[in-house]
Amino acid sequence: MTRSERIADQLDWHWQKNLRPRLHGLADEEYFWEPVRGCWSIRPRGTSAAPRSDGSGEWTMDFAWPGPEPAPVTTIAWRLAHIIVSCLGYRVGWHFGGQEVDSQTFAYAGTADEALEQLDEMYGRWNAGVRELSDAALENPPAVGPERFPMEGIVLHVNRELIHHGAEISLLRDLYRWQDGAEPRRV
């Protein structure tokens with residue numbers, strides 16, 4: 001097994017055993033659920049109250065730059081979009097070819113099913129690209145994109161980001177199920 005395959009397997013094990021199974025059955029109501037007032041989410045164009053809303057399609061992502069302190073609570077929809085675009089999409093485009101992904105021009109998903117399709121596609125492209133990296137490519141900064149440190153560090157950072165944000169999504173799913181303190185909702 002190559003070094004890049006071992007690094008890809010670290011995330012893929014988490015993806016196959018933990019994160020992706022936790023997303024099974026995600027419905028639109030839960031995808032858009034706002035556990036507190038003022039959440040950032042994915043919203044129909046023109047309905048955001050955030051300082052900025054990114055996206056090229058019918059749905060946009062609440063955003064601000066610089067980000068507010070403290071950061072707002074975000075919905076599952078927002079967190080999935082963040083993984084799809086910011087964690088994976090930018091880097092897939094920069095490092096593994098294909099269409100460039102940008103938060104301002106991305107067509108965000110208006111349904112849970114569409115978001116999961118986008119997630120699966122972007123994760124598949126990322127994982128396949130990582131597996132093809134040579135040892136030399138892992139040891140050097142990539143030729144394209146703004147990140148100027150060794151590719152291995154970028155890959156490990158993406159692994160941490162997906163594990164971190166996946167855990168946040170899993171917690172939001174748990175809170176959604178138990179929000180009334182009664183028997184958990186079936187999802």
Got a sec, which hydrophobics cluster with Trp65, joining ILVMFWY side chains under 4.5 Å apart, including via others? Phe63

Decide if atom CZ of Arg148 counts as having more than 12 heavy atoms of other residues, nucleotides or ligands within a radius under 6.0 Å. yes

Please, which pairs that meet ring pair (Phe, Tyr, Trp, His ring centres under 6.0 Å) have at least one residue in residues 150-174, sequence neighbours excluded? His82-His165

Only counting residues at least two apart or in another chain, list the ones meeting side chain to side chain donor-acceptor pair (under 3.5 Å) with Arg160. none

Is there side-chain contact between Leu26 and Asp113, with heavy atoms separated by less than 4.5 Å? no

Shortest non-hydrogen contact from Thr75 toward Ile42: OG1-N, 4.4 Å

Should Glu121 and Gln118 be marked as a side chain to side chain contact (heavy atoms under 4.5 Å, CB included) after you check the CA-CA gap, both sets of side-chain angles, and the distance that decides it? CA-CA 5 Å; Glu121 177 191 345; Gln118 290 176 338; 5.8 Å; no

Answer yes or no: is there a side-chain heavy-atom contact under 4.5 Å between Thr74 and Cys39? no

Before you tell me yes or no, could you show the steps for Asp62 and Arg52 under salt bridge (Lys or Arg N to Asp or Glu O under 4.0 Å), namely the whole-Å CA-CA distance, both residues' side-chain angles and the distance that decides it to 0.1 Å? CA-CA 6 Å; Asp62 295 339; Arg52 186 170 131 186; over 6 Å; no

Shortest non-hydrogen contact from Leu19 to Leu162? CD2-O, 4.2 Å

Steps toward side chain to side chain contact (heavy atoms under 4.5 Å, CB included) verdict (Ile83, Glu161): CA-CA 8 Å; Ile83 290 172; Glu161 284 287 294; over 6 Å; no

Glu132: partners by side chain to side chain donor-acceptor pair (under 3.5 Å), with sequence neighbours left out: none

Does any donor atom in the side chain of Thr60 or Arg45 lie under 3.5 Å from an acceptor atom in the other side chain? no

If we only count heavy atoms from C-beta on, is the Ile7 to Leu133 side-chain gap below 4.5 Å? no

If we only count heavy atoms from C-beta on, is the Trp33 to Ile76 side-chain gap below 4.5 Å? no

For Arg22, enumerate each residue passing the salt bridge (charged side-chain N to carboxylate O under 4.0 Å, His left out) test, keeping only those at least two apart in sequence or located in another chain. Asp174

Given side chains that start at C-beta, do those of Val73 and Glu34 come closer than 4.5 Å, heavy atoms only? no

So salt bridge (charged side-chain N to carboxylate O under 4.0 Å, His left out) across residues 94-105, not counting sequence neighbours, yields none

Do Ser53 and Ser48 have a side chain donor and acceptor closer than 3.5 Å? no

Determine which pairs satisfy ring pair (Phe, Tyr, Trp, His ring centres under 6.0 Å) with at least one residue from residues 104-137, sequence neighbours left out, and list them in order. Trp15-Tyr123, Phe96-Trp126, Phe106-Tyr108

Salt-bridge criterion met for Arg131 and Glu5 (N-O under 4.0 Å): no

Name all residues meeting the side chain to side chain contact (heavy atoms under 4.5 Å, CB included) criterion together with Glu117; count only those two or more places apart in sequence or in a different chain, and write none if there are none. none

Are the aromatic rings of Phe32 and Trp78 close, with centres under 6.0 Å apart? no

Is Tyr176 close to Gln179 at the side-chain level, that is, under 4.5 Å between some pair of heavy atoms? yes

Would you mind reporting whether Asn140 and Met151 have side-chain heavy atoms less than 4.5 Å apart? no

Which residues satisfy the side chain to side chain contact (heavy atoms under 4.5 Å, CB included) test with Ala64, sequence neighbours excluded? Trp40, Pro51, Pro68

Nearest non-hydrogen partners of Val144 and His95, listed with the distance: O-CE1, 3.3 Å

Do the side chains of Arg79 and Leu172 get nearer than 4.5 Å, heavy atoms only? yes

Set of residues satisfying side chain to side chain donor-acceptor pair (under 3.5 Å) with respect to Glu147, sequence neighbours excluded: Arg91

Can you sort out the partners of Ser170 under side chain to side chain donor-acceptor pair (under 3.5 Å), two or more places apart, ordered by chain and number? none

Any idea which heavy atoms bring Tyr31 and Ala109 closest together, and the distance? OH-O, 3.0 Å

If I compare all heavy atoms of Leu80 with all of Ala115, which pair ends up nearest, and what's the gap? CD1-CB, 4.3 Å

Residues Leu88, Arg125; criterion side chain to side chain contact (heavy atoms under 4.5 Å, CB included); working and verdict: CA-CA 9 Å; Leu88 295 171; Arg125 291 173 60 199; over 6 Å; no

Restricting to salt bridge (charged side-chain N to carboxylate O under 4.0 Å, His left out), what partner residues turn up for Glu139, sequence neighbours left out? Arg3

Of the non-hydrogen atoms in Trp13 and Asn18, which two are nearest, and what is the gap between them? CZ3-ND2, 3.3 Å

